[in-house]
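Just so you know, these numbers come straight off a predicted model, no measurement behind them.
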Amino acid sequence: MTRDSDITHNDGIPQLVARGLGDTVQTSPTNTLKVLSDECYSSKLSVLAKNRTPDGIRAVLHLEQTPGIISLLAGKPHPSTFPFTSLSFTVRDPEDPSKEVPVQLTPEELELGLQYSPGPGIPELIEWVYGLQDIAQGRKKGEGWKVTIGNGSQDLIYKAVTALVNPGDPVLMEVPVYAGVSPMFQTLQCEIIEVEMDAHGIISGSMREILESWPVGEPKPKVLYTVPYGCNPSGATATLARRLEVLELARIHDFIILEDDPYHYLYYGPSPRPPSYFALEKDLPEPGRVVRFDSLSKVLSAGIRIGFVSGPEQLVRAIDAHSTVANLQPNTLSEVLALAVLTRWGYDGFLKHTDRVAQFYREKRDMFQAAMLRHLDGLAEWSMPEAGMFMWFKLGLGLEDSDALIRSKAFENGVLALPGTVFYPNKRKSAYVRASFSLVEEQEADEALKRLKEAIVQSGANP
């Protein structure tokens with residue numbers, strides 16, 4: 001296998017790209033990066049995480065791999081009783097998407113996919129993720145971090161939240177925030193400390209003021225939730241300077257950064273993509289305060305439900321312990337299907353595919369913005385997103401809250417969007433609207449925004 005160390009991906013950072021389908025990046029078993037000790041994380045674990053007891057079966061399931069052992073351990077159904085005998089499909093060729101590549105699962109792959117598997121994920125997919133994080137994030141296996149596969153990244157985020165947060169704890173959360181995450185903290189009756197965002201991402205200076213003025217003697221937040229690229233709903237991508245300040249604040253005030261990054265590979269900004277928090281922290285003092293969540297939903301399949309977490313070993317082990325008692329493991333068949341595609345493409349093929357996905361959404365954004373200029377110019381204001389699939393725009397002409405307009409007038413006019421209040425945990429009034437441009441074609445976008453304009457006029461917001 002040959003490698004090319006001077007290739008750069010679209011973030012402008014030199015990459016180590018494996019050549020050849022199915023090749024893997026060779027990572028050393030141990031590296032010298034000095035990370036925080038396990039003791040540093042013990043005080044951060046929730047009572048729930050500390051009280052979890054191991055599953056007596058799954059705790060020893062790995063011993064079945066011992067050479068020469070005859071296992072009478074697990075209650076696995078016999079594969080001959082499953083009705084599935086073969087599985088084949090086609091995928092797009094990453095070199096030429098107009099071509100299709102046939103994929104036939106081997107009998108061994110199919111048998112693996114139909115059976116129970118390890119809680120953290122099948123080892124082959126975990127190793128593939130280690131290789132990807134080496135290429136894309138510059139993080140090597142053996143640096144004190146661990147990978148676990150989940151049923152989508154949201155599955156893993158929820159388990160991380162319950163592993164770190166006790167009921168009533170204060171937590172830092174960028175706002176506006178993904179509406180699917182805030183209920184996790186609200187269910188725990190957390191004190192949500194909102195940190196404002198703008199077009200350049202989370203406002204780190206505002207967070208510094210919050211933390212430096214924190215009441216003496218009161219426990220500070222243990223976690224920050226943030227989406228660094230193409231934030232849902234705002235579309236903002238945090239600048240490098242702000243990322244570095246957030247990392248410095250995490251070190252000074254000793255909190256964990258939950259880096260939710262489903263749009264990492266959907267970055268299409270004109271400037272090189274800034275490094276992730278996970279990538280940046282390895283070159284800073286005391287790395288080990290970032291728990292990173294990746295997803296294959298936006299680049300392989302949303303329905304396949306494959307996500308993965310990369311973070312400090314003790315914190316990821318707490319996620320594994322939750323999985324053991326909640327859902328046992330990720331969907332093995334989904335893992336095998338994803339792995340069959342990824343290993344046949346190779347890392348180079350995967351990155352070529354994600355580059356094309358990013359270009360697709362760039363064109364969608366440009367199309368949607370052109371329609372906005374035709375219909376909403378003078379009625380709304382917005383910043384152009386550099387990643388993701390959302391437009392976040394503020395209705396003007398004196399309108400303070402978009403909720404009633406979007407839920408009633410716009411819907412009656414035949415257009416469905418989300419009012420800004422949905423994305424604030426405190427449900428404050430907001431003149432903002434979130435519109436997704438991922439699925440609409442040009443004619444549909446034009447008609448939708450025409451209808452929205454009519455709703456604005458009908459509402460009386462336009463004098």
Non-hydrogen atoms of A236 and G201 that approach each other most closely: CB-N, 3.9 Å

For L339, is there any backbone N or O sitting under 3.5 Å from a side-chain donor or acceptor partner on E124? no

Lys/Arg N to Asp/Glu carboxylate O, R242 vs E248, below 4.0 Å: no

Does CZ in F411 sit with more than 12 non-hydrogen atoms of other residues, nucleotides or ligands closer than 6.0 Å? no

Can you tell me if E143 uses its side chain to pair, donor with acceptor, with the backbone of K140 under 3.5 Å? yes

What are the two closest non-hydrogen atoms of I203 and V195, and how far apart are they? O-CG1, 3.8 Å

Given side-chain contact (heavy atoms from CB on, under 4.5 Å), test M391 with F437 step by step and report yes or no. CA-CA 7 Å; M391 276 289 190; F437 52 77; 4.0 Å; yes

Checking side chain to side chain donor-acceptor pair (under 3.5 Å) for the pair S323/K159: CA distance, chi angles, key distance, verdict? CA-CA 8 Å; S323 294; K159 291 168 182 174; 2.8 Å; yes

Name of the residue among L300, I306, L132 meeting side-chain contact (heavy atoms from CB on, under 4.5 Å) with L342: L300

Kindly indicate, with the supporting measurements, whether the criterion side-chain contact (heavy atoms from CB on, under 4.5 Å) is fulfilled by D260 and S153. CA-CA 8 Å; D260 183 11; S153 59; 4.3 Å; yes

For H322 and Y158: C-alpha separation, side-chain torsions, deciding distance, then whether side-chain contact (heavy atoms from CB on, under 4.5 Å) applies. CA-CA 10 Å; H322 187 157; Y158 173 71; 3.8 Å; yes

Any idea how W128 and Y347 line up, ring-wise: parallel (<30°), tilted (30 to 60°), or perpendicular (>60°)? parallel

Can you see which heavy atom on F423 is nearest to which on P233, and at what distance? CG-CG, 3.5 Å

Determine whether the side chains of E111 and Q115 contain a donor N or O and an acceptor N or O closer than 3.5 Å. no

Euclidean distance, E259 CD relative to S310 OG, rounded to 0.5 Å: 9.5 Å

Does D169 reach the main-chain N or O of N166 with its side chain, forming a donor-acceptor pair under 3.5 Å? yes

What is the minimum heavy-atom distance between A163 and A318, and which atoms define it? CB-CB, 3.9 Å

Electrostatic pair E95-K352, nearest N-O below 4.0 angstrom: yes

Side-chain donor-acceptor contact under 3.5 Å, T226 with E174: yes

Just checking H353 against Y265, ring centres under 6.0 Å apart? no

In Å, rounded to the nearest 0.5 Å, how long is the span from CG of L45 to CZ of R317? 10.0 Å

On a heavy-atom basis, the closest approach of V165 and S46 is O-CB, 3.6 Å

Which heavy-atom pair separates I406 from A417 by the least distance, and what is that distance? CG2-O, 3.5 Å

Contact between F390 and Y263 at the side-chain level, heavy atoms closer than 4.5 Å - yes or no? yes

Would K141 pass as a cation-pi partner of Y130, given that its NZ or CZ must be under 6.0 Å from the six-membered ring centre and within 45 degrees of the axis? yes

Crowding at CG, L416 (>12 non-hydrogen neighbours, <6.0 Å): no

Check: L125 and E335 side chains under 4.5 Å, non-hydrogen atoms: yes

Report yes or no: do K44 and S42 form a side-chain donor-acceptor pair below 3.5 Å? no

Is the count of non-hydrogen atoms from other residues, nucleotides or ligands lying under 6.0 Å from F89 atom CZ greater than 12? yes

If only atom types and distance count, is the side chain of E444 paired as donor or acceptor with the main-chain N or O of E441 below 3.5 Å? yes

Going by an N to O cut-off under 4.0 Å, is there a salt bridge joining E281 and R292? no

With a 4.5 Å cut-off on side-chain heavy atoms, are R434 and V422 touching? no

Hey, is the main chain of V177 close enough, under 3.5 Å, to the side chain of N232 for a donor-acceptor pair? no

Can R305 and S297 be counted as having a side-chain donor-acceptor contact under 3.5 angstrom? yes

Does a side-chain N-to-carboxylate-O contact under 4.0 Å join D261 and K298? no

Rounded distance [0.5 Å steps], NE2 in H253 versus CD1 in I210: 10.5 Å

What I want to find out is whether K220 reaches D254 closely enough, with some N-O distance under 4.0 Å, to be called a salt bridge. no

Would the distance check show the side chain of E109 and the main-chain N or O of A340 forming a donor-acceptor pair, the cut-off being under 3.5 Å? no

Can you find a pair of side-chain heavy atoms, one from L211 and one from P221, that are under 4.5 Å apart? yes

Report the distance from atom OG of S334 to atom CG of N151, rounding to the nearest 0.5 Å. 7.5 Å

Do V290 and L247 have side chains that get closer than 4.5 Å, going by heavy atoms? yes

D366 and R362 ion-paired at < 4.0 Å: no

Calculate, to the nearest 0.5 Å, the distance between atoms CD and CG belonging to Q329 and D320 respectively. 12.5 Å

Could you tell me whether the side chain of I126 reaches within less than 4.5 Å of the side chain of I149, counting heavy atoms only? yes

Can you tell whether the side chains of E386 and R273 come within less than 4.0 Å, N to carboxylate O? no

Do L87 and V103 have side-chain heavy atoms sitting under 4.5 Å apart? no

Does R243 count as lying over the ring of Y229, i.e. NZ or CZ under 6.0 Å from the six-ring centre, within 45 degrees of the axis? yes

More than 12 foreign heavy atoms under 6.0 Å from CG of L328: is that the case here? yes

Rounded to the nearest 0.5 Å, what's the gap from OG on S117 to NZ on K76? Could you check? 8.5 Å

Go through V175 and R428 one step at a time and tell me if the side-chain contact (heavy atoms from CB on, under 4.5 Å) criterion holds. CA-CA 11 Å; V175 292; R428 71 173 86 166; 3.9 Å; yes

Within a reach of under 6.0 Å around CD1 of I70, are more than 12 heavy atoms found that belong to other residues, nucleotides or ligands? no

Hey, is NZ on K427 packed in by over 12 heavy atoms from elsewhere, all under 6.0 Å? yes

Is the number of heavy atoms from other residues, nucleotides or ligands under 6.0 Å of Q104 CD greater than 12? yes

Taking C-beta and beyond as the side chain, do L156 and I319 meet within less than 4.5 Å on heavy atoms? yes

Between the side chains of Q137 and Y277, is a donor N or O closer than 3.5 angstrom to an acceptor N or O? no

